[in-house]
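In what follows, a structure is listed as structure tokens, so that the remarks can point back to it.
Note that the structure is a prediction, hence the values are computed from the model and not measured.
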Amino acid sequence: MKYFCNPLNVDYRYQFNQQVMPGLGEGAIEVSREAADPSMIYFKGKYYIFASMTLGVWVSEDMANWEAKRLPDNLPFYDYAPDVRVIGDYVYFSASKRGEPCNFYRTKNIEEGPYEEIKGTFDFWDPNLFVDDDGKVYFYWGCANMTPIWGVEMDPKTMQPKTERIELVHGNWSENGYEVCGEDHCDLPLEDDALEAKYRGFMQMQGMDPDNLPPQMQGMAIMLKGYVSGRPYIEGAWMDKHDGKYYLQYACPGAQFNVYADGVYVSDSPLGPFKLAQNNPYSYKPGGFIPGAGHGSTMRDQKDNLWHTSTMRISINHNFERRVGVWPAGFDADGELFCNQRYGDWPQAVSGDKQDPWKNPEWMLLSYGKNATASSAEEGKGADKVTEENVRTWWRAASEKPGEWVQVDLGETMDVHAIQVNFADDKIEIPTPGELRGNQTGKRYIEERDLITRWTLEGSVDGKDYFMIEDKSEVTTNLPHDLVVREDGLQIRYLKLTVLEVPYDQKACVSGLRVFGRGNGQAPKTPTFAAKREADRRYMKVTIESPSDDVVGYNILWGHKADKLYHSYMVFGVTEKEIKALVTTQDYFVRVDAFNENGITEGQVIALA
């Protein structure tokens, strides 16, 4: 059996970003790793993920182990949201740009090329190409909070539009709670009058008359109005067809929020009209170790399993400090698109055969809240951070010297089957290794060198005698979310990670030394809870009425039918949670499951009142 654990374990390239604001000049350079907006396809026996800002493609033969590879330099690697689709013998590629036509490219050999260029005739952002069963080709794009997602039929030979563009999906945050911005959807957008006043005030502060802007500033004015509006971005289109229905997927409300999600509209025609599906958002992961599940793609593997890949959020060193996740998905008997993210950042098995997308994890989380010690630590960034289940906090050693270590004590000897080692970055301040590229709003350089991360992981039952679990002291890879699997299990109480080398000779930073396996006790008791819909029908409040010391965390599940609890929110250390992701026109059912080191106990399903 093969395993992976989100975020995907692959080399995320460092980005040197510099924001440029009209009238305000250039900002400081911010350094972080990034990959996002993944397009995943199966082509000629291999799986490929094209993600933003990677300088290439990720390749896998089994969906579990991914390798980053460079691609020919004629592709627009500095353009966001690469889209790829298989059409006949070719893979077609495009990416985003504003203000000038975007080209298309095609190849019969993804890794070696060549990539034939097809000149574009219009600009777009967040593209998606779709070929129907009859051979007709359609194109979707859009990425803004003031404009919709558009669609058009394309000439498959010239890649030029055959029809006028059609508006397909607009934001509807007053009914769709999951479209509201902010952490847990807490930032309501401005009403029209307040937006206009704020926009005019902003423009006047920049010395510009909003009523007399030159033509070249009109597009920028719309973007600026969107910037101050607080409205959600409606972006990241992806089209799939199932049983004669067209499923137009889209991302919202913003990549920097824990609630970044993918919604879906359904139609009988590739260009609509589209109706909001009952199950929305179908991809949604606001909790757990690393949140976010928006702007991605949906793909069938060689055994006809459906998978969904999307963007996951860190957003500490830079708003676009992001990662990529993959989850099992599917269409239910009623044709509703779903994605299982209940335990979406725990180890997942890939059998290479037909799989049950709703199968519970084999191994439980053993490390949450456990005692941790370290060779040294900066103030406020102690060893305890590696067991917090929060990718946005980390242990940071007090020195850059090789050999700094952090250790987790599980409290007793347990049956350990997997360990995920998550490295972090903290305020990297080094000269930019290459030339910044960009435009009037921002500049960037993507690290081209292949950097290295080296470490060793040891285990012990008594804290005195240690044995080697994994030795990566001589690797030439740079993997920030490495997964160590021991299917047969190891008896371990102490796990010691020694960091030998990290990129740019940073101080060692680890956001999670996450341990999975089986504990020595019983699964938790059945949780009792109350769930109440609030006056704003986008909101509900869930209260755990029977908190217990034997519980590690809870999974709050909800859905529009009692047997379709497709949405989930994993929480730790709380007994009350307000969820603001509901659709006002939809009725719901709710269940709360409890989990600990020994198993999962499902609660009762209740109707949301």
Side-chain angles (χ1 to χ4, degrees), residues 1-15 33-75 77 82-84 86 91 93 95 105 107-115 290 296-297 299-303 305 307-312 322-327 345 347-352 418-423 446-455 457 470-485 501-503:
M1 189 75 74
K2 303 290 182 65
Y3 297 86
F4 71 92
C5 186
N6 290 319
L8 289 184
N9 182 37
V10 71
D11 185 357
Y12 294 82
R13 291 194 176 271
Y14 282 92
Q15 318 287 315
R33 295 184 238 206
E34 178 187 5
D37 322 315
S39 290
M40 181 167 62
I41 59 172
Y42 179 67
F43 184 66
K44 294 184 178 180
K46 292 183 180 180
Y47 301 98
Y48 296 92
I49 291 179
F50 288 74
S52 294
M53 305 303 149
T54 63
L55 298 182
V57 64
W58 303 341
V59 187
S60 177
E61 295 184 356
D62 56 16
M63 288 285 293
N65 301 290
W66 295 88
E67 182 180 0
K69 295 190 176 183
R70 293 289 296 270
L71 289 179
D73 289 337
N74 68 316
L75 295 177
F77 294 124
D83 173 65
V84 289
V86 179
V91 168
F93 175 101
Y105 303 81
T107 184
K108 292 184 177 181
N109 188 326
I110 290 177
E111 297 175 52
E112 301 297 331
Y115 282 77
I290 177 169
S297 55
M299 177 209 72
R300 290 195 182 276
D301 67 17
Q302 59 181 332
K303 296 297 183 179
N305 298 296
W307 296 90
H308 184 64
T309 179
S310 275
T311 306
M312 309 187 82
R322 301 180 291 178
R323 302 292 190 263
V324 171
V326 175
W327 302 274
D345 51 34
Q348 300 182 55
V350 182
S351 67
I419 306 101
Q420 188 190 40
V421 181
N422 296 275
F423 286 90
I446 305 174
E447 176 63 84
E448 297 181 0
R449 295 171 294 178
D450 293 325
L451 306 177
I452 294 173
T453 297
R454 291 173 171 165
W455 47 270
L457 181 65
E470 188 79 3
D471 185 346
K472 294 216 167 185
S473 60
E474 297 183 359
V475 299
T476 57
T477 54
N478 180 32
L479 301 176
H481 304 287
D482 228 334
L483 180 67
V484 177
V485 175
E501 183 176 351
V502 294

Requested in this report: For N6 and V326, indicate whether the former's side chain and the latter's backbone hold a donor-acceptor pair under 3.5 Å.
Outcome: yes
Query raised in the report: Partners of S297 by side chain to side chain contact (heavy atoms under 4.5 Å, CB included), sequence neighbours excluded?
Result: M40, W238, T309
Requested in this report: Check whether any side-chain N or O of E111 sits under 3.5 Å from a backbone N or O of V57 as a donor-acceptor pair, and report yes or no.
Outcome: no
Report summary line: Those residues at least two apart in sequence (or on a different chain) that pass side-chain hydrogen bond (donor to acceptor under 3.5 Å, both in side chains) with N9 are D482
Query raised in the report: With E447, which residues qualify under side-chain hydrogen bond (donor to acceptor under 3.5 Å, both in side chains), at least two apart?
Result: R449, Y504
Query raised in the report: Where does the angle between the aromatic ring planes of Y115 and F93 fall among parallel (under 30°), tilted (30 to 60°) and perpendicular (over 60°)?
Result: perpendicular
Query raised in the report: Is the backbone of Y47 close enough, under 3.5 Å, to the side chain of S60 for a donor and an acceptor to pair up by distance?
Result: no
Query raised in the report: Of all residues at least two apart in sequence or in a different chain, which pass the salt bridge (charged side-chain N to carboxylate O under 4.0 Å, His left out) check with D345?
Result: K285, R514
**Report entry** Any residue meeting side-chain hydrogen bond (donor to acceptor under 3.5 Å, both in side chains) with N74, in chain and number order, not counting sequence neighbours
**Finding:** none
Query raised in the report: How would you list, by chain and number, every residue that makes a side chain to side chain contact (heavy atoms under 4.5 Å, CB included) with E501, sequence neighbours excluded?
Result: I452, R454
Query raised in the report: Among all residues two or more places apart in sequence or in another chain, which pass the salt bridge (charged side-chain N to carboxylate O under 4.0 Å, His left out) test with R33?
Result: D425
Requested in this report: Without swapping roles, check the side chain of E448 against the backbone of I446 for a donor-acceptor pair under 3.5 Å.
Outcome: no
Report task. Take N109 and T107 through the test side chain to side chain donor-acceptor pair (under 3.5 Å) and record every step on the way to the result. Result -> CA-CA 5 Å; N109 188 326; T107 184; 5.9 Å; no
Report summary line: Sorted by chain and number, sequence neighbours left out, side chain to side chain contact (heavy atoms under 4.5 Å, CB included) with A35 holds for Y12, A51, T54, W58, V324
Query raised in the report: Any side-chain heavy atom of Y42 sitting closer than 4.5 Å to one from M299?
Result: yes
Requested in this report: List for me each residue that meets salt bridge (charged side-chain N to carboxylate O under 4.0 Å, His left out) alongside E112, sequence neighbours excluded, and say none if there are none.
Outcome: none
**Report entry** Side chain Q15, main chain M53, donor-acceptor under 3.5 Å
**Finding:** yes
Report task. Indicate yes or no: does K46 engage D62 in a salt bridge with an N to O separation below 4.0 Å. Result -> no
Requested in this report: Sequence neighbours left out, what passes side-chain hydrogen bond (donor to acceptor under 3.5 Å, both in side chains) with D11? Give chain and number order.
Outcome: N478
Query raised in the report: So which pairs with a foot in residues 48-60 pass salt bridge (Lys or Arg N to Asp or Glu O under 4.0 Å), sequence neighbours left out?
Result: none
Report summary line: K108 meets the side chain to side chain contact (heavy atoms under 4.5 Å, CB included) criterion, sequence neighbours left out, with K44, D89, Y90
Query raised in the report: Within a reach of under 6.0 Å around CD of Q302, are more than 12 heavy atoms found that belong to other residues, nucleotides or ligands?
Result: yes
Report task. Tell me, yes or no, whether the heavy-atom count around K472 atom NZ, taken from other residues, nucleotides or ligands under 6.0 Å, exceeds 12. Result -> yes
